[in-house]
Structure formats: C-alpha cells, structure tokens
Amino acid sequence: MGLLSQLATLPLAPVRGVAWVMERALDAAEQEYYDPEPVERELAELERALLAGEISEEAFDRREDELLDRLDEIRAHAQGTNS
C-alpha cells in the first residue's frame, strides 16, 4: 500500500483494529465450541454416573444421544475445514 493510500485510509484504522479483534475473538470462540475434549469428558462422567447408580438408564441414554450428536457435529466440522 502506498503512502497516499495509507494516509487516506488512516481514519479507518480504528475500524480495522476492531474488526481484527472481533475476528480473533470469533476464531477463539469457534475453536472452543468445536473442541471434542469437553464432550468426551462429559461422556466419561456420564458413564461413571450410570455405573455408580447416580442416574437412570433412560437419563443416560437421552444425554448420551445428545453428546454423540454433538461429537458428530464436531467431526463433520473438522472434516469440512480439513478438506
């Protein structure tokens, strides 16, 4: 970018800065949302609760289905970004 272009767009610098920060925040949030580790930990905790008799089989099945659906969504997203 030439000096004149930089001078002409100088008033927009704060807007570009805010946009950059928002992009970084969105990237971080998306990375956290699509992290499979918390879902896998919750599945393990759910199984532990079932084996300890803390939850019913029906509650286990219902929550397990939700978590497995979430893992499918995470894996589909990972395949979409890797392709």
**OP:** First locate atom CG of Asp61, then atom CG of Leu50, and finally report the distance between them rounded to the nearest 0.5 Å.
**Re:** 8.0 Å
Original post:
When rounded to the nearest 0.5 angstrom, what is the spacing between CZ in Arg75 and CG in Asp72?
Top reply: 6.5 Å
Subject >> Over all atoms of both residues, closest heavy-atom pair of Pro36 and Leu71 >> reply: CB-CD2, 3.9 Å
Original post:
Taking the side chain as C-beta and beyond, is there a heavy-atom pair between Met22 and Leu26 under 4.5 Å?
Top reply: no
Original post:
Which of these passes side-chain contact (heavy atoms from CB on, under 4.5 Å) with Leu68: Glu64, Glu66, Arg70?
Top reply: Glu64
Original post:
Roughly how far, to the nearest 0.5 Å, is the CD1 atom of Ile55 from the CZ atom of Arg48?
Top reply: 9.0 Å
Original post:
Between atom CG of Leu43 and atom CG of Leu67, what is the distance when rounded to the nearest 0.5 Å?
Top reply: 4.5 Å
**OP:** Go through Arg41 and Glu45 one step at a time and tell me if the salt bridge (Lys or Arg N to Asp or Glu O under 4.0 Å) criterion holds.
**Re:** CA-CA 6 Å; Arg41 270 197 312 266; Glu45 175 60 25; over 6 Å; no
**OP:** Compare all side-chain heavy atoms of Tyr33 with those of Glu73 and state whether any distance is below 4.5 angstrom.
**Re:** yes
